[in-house]
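The structure that follows is given in the form of structure tokens.
Residue numbers start from 1 in every chain, and the chains themselves are labelled A, B, ... in the order their sequence lines are given, proteins ahead of strands. Given the structure is predicted, the values throughout are model-derived calculations rather than measurements.
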Number of protein chains: 2
Amino acid sequence: MRISAKAEYACLAVIALAQRRLENRPVPIREIAEAQGIPETFLTQILLKLKGAGLVVSTRGSAGGYRLAQSPEEISLRDVLAVVDGCDLNARDTQGPAGPAAPLLAQVWDQIRASETRVLTKTSIAQLADRSNAHDWVI
Amino acid sequence: MRISAKAEYACLAVIALAQRRLENRPVPIREIAEAQGIPETFLTQILLKLKGAGLVVSTRGSAGGYRLAQSPEEISLRDVLAVVDGCDLNARDTQGPAGPAAPLLAQVWDQIRASETRVLTKTSIAQLADRSNAHDWVI
DNA sequence: ATTCTTCTTGACAAACTCGATAGGAAAGGT
DNA sequence: ACCTTTCCTATCGAGTTTGTCAAGAAGAAT
């Protein structure tokens with residue numbers, strides 16, 4: 001029903017990493033934060049989770065930063081959101097009000113989540129990164 | 001992305017009212033709360049908002065309670081959710097991070113919201129109430 | 001009139017989200 | 001060796017969500 005700020009930031013960060021992949025060097029947090037307009041301290045925590053999930057890898061030190069662990073074509077929006085939203089994307093809460101009408105509603109929520117998942121799964125990070133580059137090109 | 005407890009409670013309450021419409025009498029909050037497993041004091045606030053939006057009407061006094069203001073066929077799930085979620089169902093936040101890739105994501109979020117709205121608009125309270133009655137009938 | 005039921009209203013508390021702050025650890029440059 | 005850069009971790013605070021609690025107002029039944 002509602003897209004959290006954390007989720008959006010995570011997606012933007014991964015897209016930014018995909019766009020700078022050709023430079024073949026780690027991208028510092030600050031650079032991503034400034035480019036995408038994300039609070040730097042919050043992005044720190046998000047990238048840490050993405051690293052824990054194996055989506056990105058980090059390098060420490062003077063020329064350190066983050067880079068993608070996989071190719072952008074293999075990463076879907078759903079993969080990113082599954083990390084930050086705690087994997088409860090399509091695992092519905094089995095602890096509903098348990099009233100007689102609750103299962104009916106749950107059925108509708110499932111239907112909504114299914115169409116949501118369909119869109120997220122078919123949208124890869126590579127698609128978004130390319131589209132964004134194309135947009136910059138026009139300007 | 002996520003369905004709030006308040007939203008689910010509101011839908012359950014309206015469905016419950018639809019099911020007891022033939023009895024032609026106001027249904028007290030307590031009765032709805034117990035039947036659907038909703039915290040009674042919280043349901044109080046939700047019904048107040050639904051009344052403010054003109055979806056239900058209330059009668060005070062000894063034989064008082066709530067009843068639907070319209071026929072269940074005219075009420076869609078979206079109508080109910082629009083009330084409790086503060087009308088920001090399809091009005092996307094124009095205050096995004098404003099980074100270069102943000103519009104691309106906003107486009108995807110819009111796509112998701114659109115398919116969401118499609119499901120919610122086509123699902124009427126009457127459909128859910130009937131389905132629930134049929135289910136009880138089988139048992 | 002009194003009492004009982006029910007809605008109405010406002011204040012309050014626990015949990016989560018969004019972000020800031022501060023200090024530490026690892027690695028590279030000099 | 002030293003110092004800078006960067007990641008890493010923990011904690012704290014404002015705001016929202018999710019409820020709870022208690023006192024009040026309005027109407028029906030007796």
Inset, instruction - Mind checking the CD1-CD1 spacing from I46(A) to I38(A)? Nearest 0.5 Å is all I need. - result: 7.0 Å
Inset, instruction - Sort out for me which residue in R25(B), Q19(B), R20(B) forms a side-chain hydrogen bond (donor to acceptor under 3.5 Å, both in side chains) with E23(B). - result: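 Per the side-chain hydrogen bond (donor to acceptor under 3.5 Å, both in side chains) rule, the option paired with E23(B) is R25(B), out of R25(B), Q19(B), R20(B).
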Inset, instruction - Could you tell me the separation between the CD1 atom of I32(A) and the C1' atom of dC7(D), rounded to a whole number of Å? - result: 12 Å
Review item, nucleotides 13-17 of chain D N/O atoms under 3.5 Å of protein N/O:
none

Legend entry - Euclidean distance, atom CD of residue E40(A) to atom C1' of dC18(C) [Å, nearest integer]: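 Nearest whole value for this atom pair: 16 Å.
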Inset, instruction - Drop me the distance from Q36(B)'s CD to E8(B)'s CD, to the nearest 0.5 angstrom. - result: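 These two atoms lie 10.0 Å from each other.
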Legend entry - Gap between atom CD of E116(B) and atom CH2 of W109(A) - 0.5 Å precision: 9.5 Å
Legend entry - Gap separating the CD1 atom of I15(A) from the CG atom of D130(A), nearest 0.5 angstrom: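 Taking CD1 in I15(A) and CG in D130(A), the distance rounds to 10.5 Å.
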Inset, instruction - Output the distance between atom CD1 (I29(B)) and atom CD (E31(B)), rounded to the nearest 0.5 Å. - result: 11.5 Å
Inset, instruction - For I38(A) and dA20(C), give me the distance from atom CD1 to atom P, rounded to whole Å. - result: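 Rounding to the nearest Å, CD1 of I38(A) and P of dA20(C) are 12 Å apart.
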Legend entry - side chain to side chain contact (heavy atoms under 4.5 Å, CB included) partner of L55(A), the single match among L17(A), L50(A), L47(A), L68(A): L50(A)
Inset, instruction - Grab the CD1-P distance between I46(A) and dG19(C) for me, whole Å please. - result: 9 Å
Legend entry - Distance, rounded to the nearest Å, where R25(A) contributes CZ and dT6(D) contributes P: 10 Å
Legend entry - Rounded distance in Å - CZ (R67(A)) to P (dT6(D)): 15 Å
Inset, instruction - Summarise protein proximity over nucleotides 3-10 of chain C in one line of letters, 5' to 3': B for base, S for sugar-phosphate only, - for none, counting protein heavy atoms closer than 4.0 Å. - result: --BSBBB-
Inset, instruction - For dC18(C), take OP1 and OP2 only and decide whether either is under 4.0 Å from a side-chain N or O of Y9(A). - result: no
Legend entry - Separation between CG of L81(B) and OG of S76(B), rounded to the nearest 0.5 Å: 8.0 Å
Inset, instruction - Specify the separation, in whole Å, of atom CG of L43(A) and atom P of dC8(D). - result: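 Distance check: L43(A) CG to dC8(D) P gives 12 Å.
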Inset, instruction - In whole angstrom, give the distance that lies between atom CZ of F42(A) and atom C1' of dC12(D). - result: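 My rounded result for the distance is 15 Å.
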Inset, instruction - Return yes if some donor-acceptor pair links the side-chain N/O of T123(B) with the main-chain N/O of L120(B) below 3.5 Å, else return no. - result: no
